[in-house]
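Notes to accompany the following structure.
Only this structure's heavy atoms are used, side chains among them; waters, hydrogens and symmetry mates stay out.
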Number of protein chains: 2
Amino acid sequence: MNNQEKLEDILFYSLERSIKSYRQFAQQQLIKHHFDITIDQWLLLKTIRDNPEQTQQQIAQTIFKDFASVTRIVELLVEKKYIIRSQHPTDRRRFKLKLADSAEKLLSIMQPIIESNRKTALKGISEQQILQFQQVLNLIYNNCKS
Amino acid sequence: MNNQEKLEDILFYSLERSIKSYRQFAQQQLIKHHFDITIDQWLLLKTIRDNPEQTQQQIAQTIFKDFASVTRIVELLVEKKYIIRSQHPTDRRRFKLKLADSAEKLLSIMQPIIESNRKTALKGISEQQILQFQQVLNLIYNNCKS
DNA sequence: GCTACTTTATTGATATATCAATTATATTTG
DNA sequence: CAAATATAATTGATATATCAATAAAGTAGC
C-alpha cells in the first residue's frame, strides 16, 4: 500500500524547482541593479523590438503567455512609458506597439545583466549537457502541446 | 550591432515553454476527469499526507512556494473540505492540518491520472536521458538558490 | 518576570495565469 | 449587400507569486 512516491523523485517537481529558483534569482538581480521592470515585462519588450508588427495575440504565442496577460503587461509598460501604443493604420481592432527610446536604452543596459544571470545559472554545465537538456525540453514540449 | 539574440536559442525560454505546456496539459487532464482541484492544490494535499506534522512554512519550503501562497491554498482546501484545520495542541501559533477522508480518496483516484500525465509528457525519452536531465536541473537549482 | 528577539501565520498590494464573456472591427459567404 | 463568422483586444473572476507589514505566540537572556 505504498503510493507515497517521494516528491524529490518526481521529475516535474525538480523542473518547477529549478525554473522557480532561476526566476527568483534573475528577478533579484534586476532589482539589485535598480531596473524597474519584471522578467516578463523584459521579455515582452524584447519581443516587440524583435518584431514590431506582431499583433498582441502573436506576441502572446511567441512568449507563451495568455492573451489577457499580454494585454495587462502592455498596459503596465505603456504606463511606464516604455511602450508607445497607437492606432494601427489599416486595422482598427489592433494597436501599433513601438518601443520608446527609453526602452531601447533599458534593454541595452539590461542585456549584460541578463547574460550574466544565465551564465551564473549554467555554471559547471557543459555545452554537450546543455544541448541534450534542450532536446529533452523540446520533447516534453511536443508531447504536451495541444 | 546585433544583440538581437533569438528567443528559441535561449535555454530558459525553452524551459519556461516546456513547464508551461506540461502544466496546461496536466491541468486539462484533471478538468477532463472532473477533479475539482488544481495541480498546486493537489501538491499541497500530497505534502500534508506525506508529513502531517509540518508547519505551513515547512510546507511552503517543501513545495517551493511562498508562505502567503500556502496560506491561501490551505484556505481554499479547507473551504472545499479536503483539509481539516484545528488548533495545534502545544503551539497556539500553529494549526494542525489533516486530510479529510474525501481528500485521501481523491488522492487515490487521481494518482493513476497523474502518473499517466507524466508518462505522456515523457514519451520517447530514455531513462538515461531523464537521469541526465535531472542532473542538469539540480545543477541549475544549486547555482540559483540563495 | 520583563524585554528583546524569533517564529508562525495572516493580510494587503501588485503582477501574472487562466477561463469565460464581451466589444469592436474585419472577412466570408450566400 | 446582409448575415454569419472570425479576429483583436479588453474585462471580470479566481488562483497563484512575491513583497512588505502586521499580529500573535513562543523563547532567550538578563
Side-chain angles (χ1 to χ4, degrees), chain A residues 16-17 19-32 35-45 53-80 82-83 85-97 146, chain B residues 16-17 19-32 35-45 53-61 63-80 83 85-97 146:
Chain A
E16 290 272 2
R17 191 175 70 159
I19 190 72
K20 278 188 185 176
S21 68
Y22 173 70
R23 284 182 70 89
Q24 282 170 2
F25 162 69
Q27 188 62 54
Q28 282 314 307
Q29 290 303 113
L30 296 196
I31 291 171
K32 185 183 291 178
F35 296 126
D36 63 342
I37 63 175
T38 66
I39 301 272
D40 291 307
Q41 291 168 12
W42 170 82
L43 184 59
L44 199 148
L45 287 180
E53 284 310 308
Q54 292 174 102
T55 64
Q56 286 185 197
Q57 297 195 14
Q58 286 166 334
I59 292 173
Q61 276 199 305
T62 304
I63 63 178
F64 214 63
K65 288 186 182 300
D66 193 77
F67 302 158
S69 296
V70 170
T71 293
R72 285 163 185 143
I73 298 174
V74 165
E75 198 64 45
L76 289 170
L77 289 169
V78 168
E79 275 170 34
K80 289 182 179 173
Y82 286 133
I83 289 181
R85 181 169 47 182
S86 55
Q87 281 286 330
H88 190 274
T90 62
D91 188 337
R92 300 205 308 176
R93 292 169 304 184
R94 296 180 49 181
F95 290 108
K96 197 158 164 292
L97 300 179
S146 33
Chain B
E16 290 272 0
R17 191 175 70 159
I19 189 73
K20 278 188 186 177
S21 68
Y22 173 70
R23 283 181 70 88
Q24 283 170 1
F25 162 69
Q27 187 64 53
Q28 283 314 308
Q29 291 301 113
L30 296 195
I31 292 171
K32 185 183 291 178
F35 296 126
D36 63 344
I37 63 174
T38 65
I39 302 274
D40 291 307
Q41 291 168 12
W42 170 81
L43 185 58
L44 199 147
L45 286 180
E53 284 310 308
Q54 293 175 102
T55 65
Q56 286 184 200
Q57 295 194 16
Q58 286 167 335
I59 291 173
Q61 275 199 306
I63 64 178
F64 215 64
K65 288 187 182 299
D66 192 78
F67 302 158
S69 297
V70 169
T71 293
R72 283 160 185 143
I73 298 174
V74 165
E75 198 64 45
L76 290 170
L77 289 168
V78 168
E79 275 169 35
K80 289 181 178 173
I83 290 181
R85 182 169 46 182
S86 54
Q87 281 285 330
H88 190 274
T90 61
D91 188 337
R92 300 205 310 176
R93 290 168 306 182
R94 295 180 49 180
F95 291 109
K96 197 158 165 293
L97 300 179
S146 32

Check: A:Q57 side chain N/O closer than 4.0 Å to the phosphate oxygens (OP1, OP2) of D:dA8?
Finding: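 Answer is yes, contact under 4.0 Å.
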Where [X] and [Y] come nearest, the two heavy atoms and their spacing:
| X | Y | result |
| --- | --- | --- |
| A:T38 | A:L30 | C-CD1, 4.2 Å |
| A:I37 | A:Y82 | CG2-CE1, 3.6 Å |
| A:T71 | A:Q56 | OG1-NE2, 3.5 Å |

Checklist line | Test item: A:I39 and A:L43 side chains (from C-beta on) under 4.5 Å apart, heavy atoms | finding: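 Sidechains of A:L43 and A:I39: no contact.
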Check: Does B:E53 reach the side chain of B:Q58, with side-chain heavy atoms less than 4.5 Å apart?
Finding: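 Not in contact.
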Next item on the list: Quickly work out the A:R85 CZ to D:dA9 P distance and round it to whole Å.
Entry: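 So the CZ-P distance, A:R85 to D:dA9, works out to 10 Å.
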Check: Contacts to DNA chain D from residues 66-79 of chain B, heavy-atom cutoff under 4.0 Å, which residues?
Finding: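 Contacting residues: B:D66, B:A68, B:S69, B:R72, B:I73, B:L76.
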Check: Under a 4.0 Å heavy-atom cut-off, which of residues 20-30 of chain B touch DNA chain D?
Finding: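 None, since no heavy atom is under 4.0 Å.
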Check: Of all residues at least two apart in sequence or in a different chain, which pass the side-chain hydrogen bond (donor to acceptor under 3.5 Å, both in side chains) check with B:K80?
Finding: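 Result, side-chain hydrogen bond (donor to acceptor under 3.5 Å, both in side chains) vs B:K80: B:Q41.
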Check: Which of residues 35-43 of chain A sit near DNA chain C, with a heavy atom under 4.0 Å from it?
Finding: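 Under 4.0 Å from DNA chain C: A:T38, A:D40, A:Q41.
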Next item on the list: Could you list the residues that satisfy ring-ring contact (aromatic ring centres under 6.0 Å, His included) with B:Y22, not counting sequence neighbours?
Entry: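 Listed in chain order: A:F12.
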Notebook entry, point to check: With sequence neighbours left out, which residue pairs that include part of residues 64-76 of chain A fulfil the salt bridge (charged side-chain N to carboxylate O under 4.0 Å, His left out) condition?
Noted result: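 Listed once each, the pairs are A:D40-A:K65, A:E75-A:R85.
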What nitrogen or oxygen pairs link the protein and nucleotides 22-26 of chain D at under 3.5 Å?
from, atom 1, to, atom 2, distance (Å)
D:dG26, OP1, B:R92, N, 3.0

Test of understanding: with side chain to side chain contact (heavy atoms under 4.5 Å, CB included), list the residues that count as partners of [X], not counting sequence neighbours.
| X | result |
| --- | --- |
| A:I59 | A:L44, A:T47, A:I48, A:Q54, A:I63, A:V70, A:L97 |
| A:Q57 | A:T55, A:F67 |
| B:Q29 | B:F25, B:K32, B:H33, B:I113, B:N117 |

Next item on the list: Could you list the residues that satisfy salt bridge (charged side-chain N to carboxylate O under 4.0 Å, His left out) with A:R93, not counting sequence neighbours?
Entry: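 Salt bridge (charged side-chain N to carboxylate O under 4.0 Å, His left out) list for A:R93, sorted by chain: A:D91.
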Check: If you pin B:K80 and A:Q56 to their nearest nucleotides in DNA chain D, which one's is more 5'?
Finding: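 Final value for this comparison: A:Q56.
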Margin query: Using a 4.0 Å cut-off to any heavy atom of chain A, which nucleotides of DNA chain C are the first and last in contact, reading 5' to 3'?
Written below: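 The protein-touched segment is C:dA15 to C:dA26.
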